[in-house]
Amino acid sequence: GNLVFKDCQSRISGLETFSNGKVAFLRLHTDDGLEGWGQFGGKDVDITVELFHRRVAPAVFGQKISYPFELISSIVRFELNYKMMGVQLSKAIAGLDSAVWDTLGKYYNKSVCELLSGNCPKPFPCYASSISRKIKPKELAAKLVELRNQHGIDAFKVKIGKRMGNGEDEWAGRTEAVISECRSKLGEGSLIGVDANGAFDDVEQAKRVALLLEEKSIWFLEEPFPWMMYEKYEKLQEFLTGRNTSLFLAGGEQEFRIDIWEFIMKRLFPWKISQPDCGYCGGPTTALLIDQLSAENGIKFMPHSPQGDLMPVICWQLLCASPNAASHMELACVDDGIAQIMLDSKTGIFQNDYFQPAIQVERGMFKLLSSTSIVGWGIKMNENFIKNSTRISFSDTTADRNKRSFL
């Protein structure tokens with residue numbers, strides 16, 4: 001894909017954040033009158049917005065948007081960010097980076113997908129992702145069957161174990177009950193992946209769970225260990241590879257350092273699917289670099305996107321542009337969660353509170369329900385969200401620069 005746009009001379013002339021306490025968006029202005037929107041990584045968005053105005057905006061204000069990776073590099077090298085790198089700063093960078101790509105789309109009058117690949121985004125298969133560990137196994141299985149019958153979704157992901165649970169289950173026997181019930185009700189024709197959210201610390205316990213998953217023809221096992229324990233991922237993947245099983249590992253949603261991505265994929269081979277989160281890893285540009293690294297090492301690209309906001313739209317366009325895309329994209333449309341997607345039972349349409357147009361799932365395929373050609377991310381922010389959000393406009397006055405120098 002093309003990550004350099006030399007003929008674009010647009011410079012960043014304004015940066016405004018909008019937050020309702022749950023989600024936060026960025027409006028980027030350029031000196032030639034363009035406007036682009038991006039979204040920050042989720043959770044504790046008040047901290048993320050504060051970091052953006054302190055540590056990101058002053059590093060990029062006035063710069064050209066023609067080289068997104070160089071913008072990110074300038075933030076990393078920014079003197080005030082010495083000893084400040086981490087996932088919170090990456091979440092702040094993600095807001096800028098996603099807004100830059102939307103603005104580039106406006107400049108060229110193309111979708112981000114077309115900028116990257118020359119092709120317009122098309123409907124893409126999605127898997128229905130369950131967020132809750134509170135839902136009973138029978139209720140969960142019934143909901144998955146309902147989604148298949150109503151919207152043609154034929155792939156799913158459910159939670160197992162206890163999040164960061166050191167080997168515990170959410171309640172005794174839940175993992176086995178969920179896997180058995182879902183496979184029994186869905187039959188062998190549907191794909192079922194599972195997400196452990198770092199539930200296991202012991203490799204031998206994880207192997208035993210993997211054997212149960214293999215028996216039930218499970219598609220993939222996501223994040224079996226705490227996210228940074230990559231050598232344990234490597235050992236479990238070696239175990240699975242040695243059994244010549246179709247079950248494989250997926251991971252990476254919390255990793256934000258591109259050098260660590262390069263190390264684990266070239267030396268450890270800890271999984272078969274890479275799942276960067278565009279909100280946590282630093283935005284679409286970093287996700288694209290991870291996709292490239294994954295392709296070079298025979299690993300498929302399936303970004304993490306379990307929210308009902310801009311992130312699934314971003315991931316949809318990246319997947320449509322990637323020759324290394326996995327078979328499905330994630331859509332959290334099963335049960336209650338953060339910014340959850342609740343598809344209309346008849347039309348498959350979901351309209352969030354942040355932007356137009358709506359999304360739609362039809363015959364198991366995700367798309368943006370746009371009546372016109374898609375430019376940038378293809379969205380228009382809702383005026384009500386803008387009006388009711390806390391708005392902060394970045395100021396580049398001398399006084400503010402002096403204040404930031406002491407932070």
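These numbers come from a predicted model, not from an experiment.
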Colleague: Below 4.5 Å, heavy atoms only, C-beta onward: do Gln88 and Asp44 meet side chain to side chain?
Modeller: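 Side-chain contact under 4.5 Å: yes.
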Colleague: Quick check against the 3.5 Å criterion: does Asn81 have a side-chain atom that pairs as donor or acceptor with the backbone of Ile75?
Modeller: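 Between the backbone of Ile75 and the side chain of Asn81 there is a qualifying donor-acceptor contact (under 3.5 Å).
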Colleague: Closest approach of Gly105 and Val375, non-hydrogen atoms and distance?
Modeller: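 Result for this residue pair: O-CG1, 3.4 Å.
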Colleague: What's the verdict on side chain to side chain contact (heavy atoms under 4.5 Å, CB included) for Thr175 and Val194, showing C-alpha distance, side-chain angles and the deciding distance?
Modeller: CA-CA 10 Å; Thr175 291; Val194 298; over 6 Å; no
Colleague: Give me the atom names and distance for the closest heavy-atom approach of Pro224 to Leu236.
Modeller: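 Looking at all heavy atoms of both residues, the shortest contact is CG-CD2, 4.0 Å.
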Colleague: Would you say the side chains of Tyr107 and Asp7 form a donor-acceptor pair under 3.5 Å?
Modeller: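 Judged by distance alone, the side chains do not pair up.
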Colleague: Between Ser66 and Gln9, is any side-chain donor less than 3.5 angstrom from a side-chain acceptor?
Modeller: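 Their side chains do not contain a donor-acceptor pair, so the 3.5 Å distance test is not met.
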Colleague: Quick one: sort the Phe69 and Tyr67 rings into parallel, tilted or perpendicular, breaks at 30° and 60°.
Modeller: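 Answer is tilted, since the angle falls between 30° and 60°.
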Colleague: Working to the nearest 0.5 Å, report the span between CE of Met265 and CD1 of Ile260.
Modeller: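 Taking CE in Met265 and CD1 in Ile260, the distance rounds to 11.5 Å.
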Colleague: With no hydrogens and no angle check, just 3.5 Å: does a side-chain donor-acceptor pair link Ser129 and Glu330?
Modeller: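 Yes, Glu330 and Ser129 have a side-chain donor paired with an acceptor closer than 3.5 Å.
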Colleague: Mark yes or no for whether Ser370, through its side chain, and Thr372, through its backbone, hold a donor-acceptor pair below 3.5 Å.
Modeller: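 At least one qualifying donor-acceptor pair exists.
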Colleague: How about Phe350 and Asn352: do any of their side-chain heavy atoms sit closer than 4.5 Å?
Modeller: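 The answer is yes; the side chains approach within 4.5 Å.
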Colleague: Return yes when atom NZ of Lys106 has more than 12 non-hydrogen atoms of other residues, nucleotides or ligands closer than 6.0 Å, and no otherwise.
Modeller: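 Buried by this count: over 12 neighbours within 6.0 Å.
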Colleague: Hey, can you tell me if Tyr127 and Phe220 have their rings parallel, tilted or perpendicular (30° and 60° cut-offs)?
Modeller: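 Tyr127 and Phe220: perpendicular rings.
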Colleague: Using a 6.0 Å cut-off, check whether atom CD of Glu231 has over 12 heavy atoms from anything other than its own residue.
Modeller: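 No - once you tally the heavy atoms of other residues, nucleotides and ligands closer than 6.0 Å, there are 12 at most.
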Colleague: Checking the side chain of Gln360 only, and the main-chain atoms of Thr347 only, is there a donor and an acceptor separated by less than 3.5 Å?
Modeller: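 Confirmed, Gln360 side chain pairs with Thr347 backbone.
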Colleague: Check whether Gln254 reaches the backbone of Met228 with its side chain - one donor and one acceptor, N or O, closer than 3.5 Å.
Modeller: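 Looks like no, no N/O pair under 3.5 Å.
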Colleague: Got a sec, which pairs hit ring-ring contact (aromatic ring centres under 6.0 Å, His included) with one end in residues 19-43, sequence neighbours left out?
Modeller: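 Sorted pair list: Phe18-Trp37, Phe25-Tyr354, Phe25-Phe385, Phe40-Phe52.
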Colleague: Sorted by first residue and then second, give each ring-ring contact (aromatic ring centres under 6.0 Å, His included) pair with at least one member in residues 149-175; sequence neighbours left out.
Modeller: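 Not a single pair qualifies under ring-ring contact (aromatic ring centres under 6.0 Å, His included).
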Colleague: Without hydrogens or angle criteria, can the side chains of Thr285 and Trp101 be said to hold a donor-acceptor pair below 3.5 Å?
Modeller: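 Yes, because at least one side-chain N or O of Thr285 sits under 3.5 Å from a partner of the opposite role on Trp101.
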Colleague: Look at atom NZ of Lys235 and say whether more than 12 heavy atoms of other residues, nucleotides or ligands are closer to it than 6.0 Å.
Modeller: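 Incorrect, the count does not exceed 12.
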Colleague: State, to 0.1 Å, how close Ala210 and Leu240 come at their nearest heavy-atom pair, and which atoms those are.
Modeller: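 Looking at all heavy atoms of both residues, the shortest contact is CB-CD2, 3.9 Å.
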Colleague: Angle class for the Phe61/Phe394 ring planes (parallel below 30°, perpendicular above 60°, tilted otherwise)?
Modeller: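 Tilted, since the angle between the ring planes falls between 30° and 60°.
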Colleague: Crowded around Arg257 CZ? As in, over 12 foreign heavy atoms under 6.0 Å?
Modeller: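 At most 12 heavy atoms, drawn from other residues, nucleotides or ligands, come within 6.0 Å of this atom.
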Colleague: Is a side-chain donor or acceptor of Asn382 paired with a backbone partner of Asn384 at a separation under 3.5 angstrom?
Modeller: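 No, because the side chain of Asn382 does not come within donor-acceptor range (under 3.5 Å) of the backbone of Asn384.
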Colleague: So, do Leu140 and Glu181 sit near enough that their side-chain heavy atoms are less than 4.5 Å apart?
Modeller: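 No, every pair of side-chain atoms sits at 4.5 Å or beyond.
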Colleague: Carefully, step by step, assess Tyr230 and Phe263 under the rule ring-ring contact (aromatic ring centres under 6.0 Å, His included).
Modeller: CA-CA 10 Å; Tyr230 295 124; Phe263 174 79; 8.7 Å; no
Colleague: Is there a side chain to side chain contact (heavy atoms under 4.5 Å, CB included) between Ile65 and Cys8? Walk through the geometry before answering.
Modeller: CA-CA 7 Å; Ile65 64 170; Cys8 178; 3.9 Å; yes
Colleague: Hey, what do you get for CG (Leu191) to NZ (Lys157), rounding to the nearest 0.5 Å?
Modeller: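 With rounding to 0.5 Å, CG (Leu191) is 13.5 Å from NZ (Lys157).
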Colleague: Please answer whether the main-chain N or O of Arg133 pairs with a side-chain N or O of Glu170 as donor and acceptor at a distance below 3.5 Å.
Modeller: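 No; judged by distance alone, with no hydrogens or angles, the pair does not exist.
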Colleague: How about Thr286 and Asp97: do any of their side-chain heavy atoms sit closer than 4.5 Å?
Modeller: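 Heavy-atom side-chain distance check fails, nothing below 4.5 Å.
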Colleague: Under 3.5 Å, is there a donor-acceptor pair between the side chain of Arg391 and the main chain of Glu16?
Modeller: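 Side chain of Arg391 to backbone of Glu16, a donor-acceptor pair under 3.5 Å: no, none is there.
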Colleague: Is the closest basic N to carboxylate O distance between Lys216 and Glu176 below 4.0 Å?
Modeller: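 Salt bridge flag = no for Glu176 with Lys216.
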Colleague: Would you be so kind as to tabulate the donor-acceptor pairs closer than 3.5 Å made by side chains of residues 158-165, with sequence neighbours excluded?
Modeller:
residue	atom	partner	partner atom	Å
Lys159	NZ	Asp195	OD2	3.0
Lys159	NZ	Asn197	OD1	3.0

Colleague: Ser13 versus Arg11: any side-chain heavy-atom pair under 4.5 Å?
Modeller: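 No, too far: nothing below the 4.5 Å cut-off.
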Colleague: Once rounded to the nearest 0.5 Å, what's the spacing between atom CH2 of Trp227 and atom CD of Glu253?
Modeller: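 Rounded to the nearest 0.5 Å, the CH2-CD separation comes to 10.5 Å.
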Colleague: Between Glu146 and Lys185, does the salt bridge (Lys or Arg N to Asp or Glu O under 4.0 Å) criterion hold? Intermediate values first, please.
Modeller: CA-CA 11 Å; Glu146 181 181 272; Lys185 292 297 187 294; over 6 Å; no
Colleague: Heavy atoms only: give me the nearest Ala326-Met302 pair and the separation to one decimal.
Modeller: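 Taking Ala326 first and Met302 second, the nearest heavy atoms are CB-CB, 3.6 Å.
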Colleague: Write down the atom of Ser345, the atom of Gln150, and the distance for their closest heavy-atom approach.
Modeller: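 That would be CB-NE2, 3.6 Å.
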Colleague: Side-chain contact, heavy-atom cut-off 4.5 Å: Leu51 with Val56?
Modeller: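 A side-chain contact under 4.5 Å is absent here.
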Colleague: Side chains of Ser10 and Thr30: any donor to acceptor distance under 3.5 Å?
Modeller: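 Note: Thr30 and Ser10 side chains miss the donor-acceptor criterion.
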Colleague: Mind checking the CZ-CD spacing from Arg55 to Glu79? Nearest 0.5 Å is all I need.
Modeller: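 It comes to 10.5 Å.
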Colleague: Nearest 0.5 Å, please: how far is SG in Cys333 from CD1 in Ile359?
Modeller: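 Here the rounded value is 8.0 Å.
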Colleague: Answer yes or no: is there an ion pair linking Glu262 with Lys266, defined by an N-O contact shorter than 4.0 Å?
Modeller: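 Yes.
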Colleague: Locate the shortest heavy-atom distance separating Phe301 from Ala287; write the atom from each residue and the value.
Modeller: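 Smallest interatomic distance, heavy atoms only, reads CE1-O, 3.6 Å.
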Colleague: Are any side-chain N or O atoms of Arg243 and backbone N or O atoms of Glu214, one a donor and one an acceptor, separated by less than 3.5 Å?
Modeller: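 No, the answer is negative, given that no donor and acceptor are paired below the 3.5 Å cut-off.
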Colleague: Would you compute the distance between atom CG of Leu211 and atom CG of Leu247 and round it to the nearest 0.5 angstrom?
Modeller: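 Leu211 CG to Leu247 CG: 9.5 Å, rounded to 0.5 Å.
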Colleague: Please check: side-chain N/O of Gln63 versus main-chain N/O of Ala59, any donor-acceptor pairing under 3.5 Å?
Modeller: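 Yes, Gln63 side chain to Ala59 backbone: donor-acceptor pair under 3.5 Å.
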Colleague: Are the side chain of Gln351 and the backbone of Phe355 linked by a donor-acceptor contact shorter than 3.5 Å?
Modeller: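 At least one qualifying donor-acceptor pair exists.
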Colleague: Quiz question: by atom type and distance under 3.5 Å, do the side chains of Gln237 and Thr241 form a donor-acceptor pair?
Modeller: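 Checked: Gln237/Thr241 side chains pair up, N/O donor to acceptor below 3.5 Å.
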Colleague: With a 4.5 Å limit on heavy-atom distance, are the side chains of Phe248 and Trp219 in contact?
Modeller: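 Yes; the side chains approach each other to less than 4.5 Å.
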Colleague: Would you call Lys91 and Tyr280 a side-chain contact if the rule is heavy atoms closer than 4.5 Å?
Modeller: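 Lys91 reaches Tyr280 side chain to side chain.
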